[in-house]
Amino acid sequence: MLFRSALASLLAGDGHEVTLLYTYVGEGKPVCGDRPWSHWVETLAQEGIELAHIAHEGPHRAWRQAAWTVMEFLGARDFDIVYFNEHLGGGYYAQLARREGLPEFRRQTHCVITHGSIDWIFDINDRYVEFISDVEWMGLERRSFELADVVISPSAYLLREYERRGWRLPARTYRQPYPVIRKAAVDWN
């Protein structure tokens, strides 16, 4: 199942151009549950939100390759502000490109909204790393977070947990609850 962001809905409702980039893609196809991809594209279009997905041909667990295709997508389009979450580390290469001053990324501001890193999830669920790709995943998430221009977290607890794990919080790190939409613009059922 695909979930929309309240922030995306608020921005689109205020007249901003909004693109949601779906990154959970394997073998070239979005992994989106029991409904076809076209359903989600059409549903979000009703709110004025463009839904795109990365052109990722590898397996869905190829986090580094997926992050690279995110960078390619963002570099080919003209975005002012890009929001990532740290989960899956999809912003890693785009944030490196911005940090290195690549022209396509200079105007972009990269914000990370915390969601919950796999390291934290494994810890609270008393689980161990199962795949070597999980270690790669952990590194991409952490560096994506640390390279952000701005970090926004709905939880002071999660920021403290990341600091406890040795993560460096960017200078512009804020605690801000998620926006709440009182009335849904679209029936999601």
Side-chain angles (χ1 to χ4, degrees), residues 1-9 20-37 39-40 44 51 53-54 56-71 73 82-96 110-181 184 188-189:
M1 172 176 246
L2 180 72
F3 297 97
R4 84 176 184 323
S5 163
L7 177 59
S9 295
L20 287 181
L21 180 61
Y22 192 70
T23 62
Y24 192 46
V25 175
E27 312 302 335
K29 296 178 184 170
V31 180
C32 56
D34 59 348
R35 298 206 180 166
W37 179 251
H39 166 80
W40 299 113
L44 286 167
L51 178 60
H53 67 81
I54 57 173
H56 176 52
E57 296 299 325
H60 76 277
R61 292 187 67 83
W63 314 121
R64 197 169 19 91
Q65 294 164 328
W68 186 265
T69 60
V70 168
M71 181 195 67
F73 180 91
V82 179
Y83 290 93
F84 301 101
N85 64 49
E86 83 286 37
H87 192 70
L88 301 180
Y92 175 69
Y93 287 114
Q95 289 170 264
L96 278 179
H110 289 183
C111 301
V112 168
I113 300 176
T114 62
H115 179 73
S117 70
I118 194 63
D119 178 33
W120 173 72
I121 292 168
F122 279 1
D123 189 31
I124 64 171
N125 289 308
D126 200 26
R127 284 190 49 209
Y128 296 101
V129 170
E130 297 176 48
F131 306 100
I132 192 66
S133 62
D134 292 341
V135 175
E136 178 181 63
W137 181 0
M138 289 174 183
L140 292 171
E141 289 179 337
R142 179 177 178 161
R143 289 300 292 149
S144 178
F145 176 93
E146 292 176 340
L147 289 166
D149 297 314
V150 177
V151 167
I152 302 167
S153 178
S155 164
Y157 159 78
L158 196 52
L159 292 173
R160 284 192 306 271
E161 279 296 304
Y162 287 175
E163 278 188 303
R164 186 178 68 80
R165 295 167 194 282
W167 291 31
R168 184 191 54 78
L169 274 60
R172 297 190 306 177
T173 297
Y174 306 97
R175 190 189 65 76
Q176 172 67 48
Y178 291 133
V180 175
I181 296 177
W188 286 84
N189 296 318

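Residue indices begin at 1 and follow the sequence shown.
- When each of Phe145, Trp167, Trp137 is tested with Ser117 by the rule side-chain contact (heavy atoms from CB on, under 4.5 Å), just one qualifies, namely Trp167.
- Closest of all the heavy-atom pairs between Leu20 and Ala8 is CD2-CB, 3.9 Å.
- Here the NE2-CG distance, from His87 to Leu140, works out to 12.0 Å after rounding to the nearest 0.5 Å.
- The shortest heavy-atom contact between Pro30 and His53 is CG-CD2, 3.5 Å.
- Here the straight-line distance linking atom CD of Glu161 with atom OH of Tyr157 works out to 4.0 Å at 0.5 Å rounding.
- Screening Phe84, Trp68, Trp63 against Tyr93 for a ring pair (Phe, Tyr, Trp, His ring centres under 6.0 Å) leaves a single residue, Trp68.
- Residues Trp37 and Tyr22 bring their aromatic ring centres within 6.0 Å.
- Residue Arg168 holds its CZ atom at 7.0 Å from CZ of Arg143, rounded to the nearest 0.5 Å.
- From Leu7, atom CG reaches atom OH of Tyr83 across 5.0 Å, with rounding to the nearest 0.5 Å.
- Closest of all the heavy-atom pairs between Val25 and His56 is O-CD2, 3.0 Å.
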_Stepwise side-chain contact (heavy atoms from CB on, under 4.5 Å) test for Leu159 and Val151_ = CA-CA 10 Å; Leu159 292 173; Val151 167; 4.3 Å; yes
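- More than 12 heavy atoms of other residues, nucleotides or ligands lie within 6.0 Å of CD1 in Ile124, so this atom counts as buried by the packing criterion.
- Minimum interatomic distance between Gly26 and Val31 (heavy atoms only, all atoms of both residues): N-CG2, 4.2 Å.
- The backbone N or O of Ser153 sits nowhere less than 3.5 Å from a side-chain atom of Gln176 that would complete a donor-acceptor pair.
- Considering all non-hydrogen atoms of both residues, Arg165 and Asp123 come closest at NH2-OD2, 2.9 Å.
- Using a 4.0 Å cut-off between a side-chain N of Lys or Arg and a carboxylate O of Asp or Glu, Asp134 and Arg127 do not qualify as a salt bridge.
- Contact annotation: the side chain of Asp149 never approaches that of Cys111 to less than 4.5 Å [non-hydrogen atoms, C-beta and beyond].
- Look at Glu163 and Arg160 and you find no salt bridge, because none of the NZ, NE, NH1 or NH2 atoms lies under 4.0 Å from a carboxylate O.
- A 4.5 Å side-chain heavy-atom check between Thr69 and Phe73 finds every atom pair outside the cut-off.
- Nearest heavy atoms, Ala67 versus Gly89: CB-O, 3.7 Å.
- Once rounded to the nearest 0.5 Å, the distance linking CZ of Arg164 with CH2 of Trp120 reads 11.5 Å.
- Under the 4.0 Å criterion applied to side-chain N and carboxylate O atoms, Asp119 and Arg142 are not assigned as salt-bridge partners.
- For the atom pair CD of Glu141 and OH of Tyr162, the computed distance is 7.0 Å after rounding to the nearest 0.5 Å.
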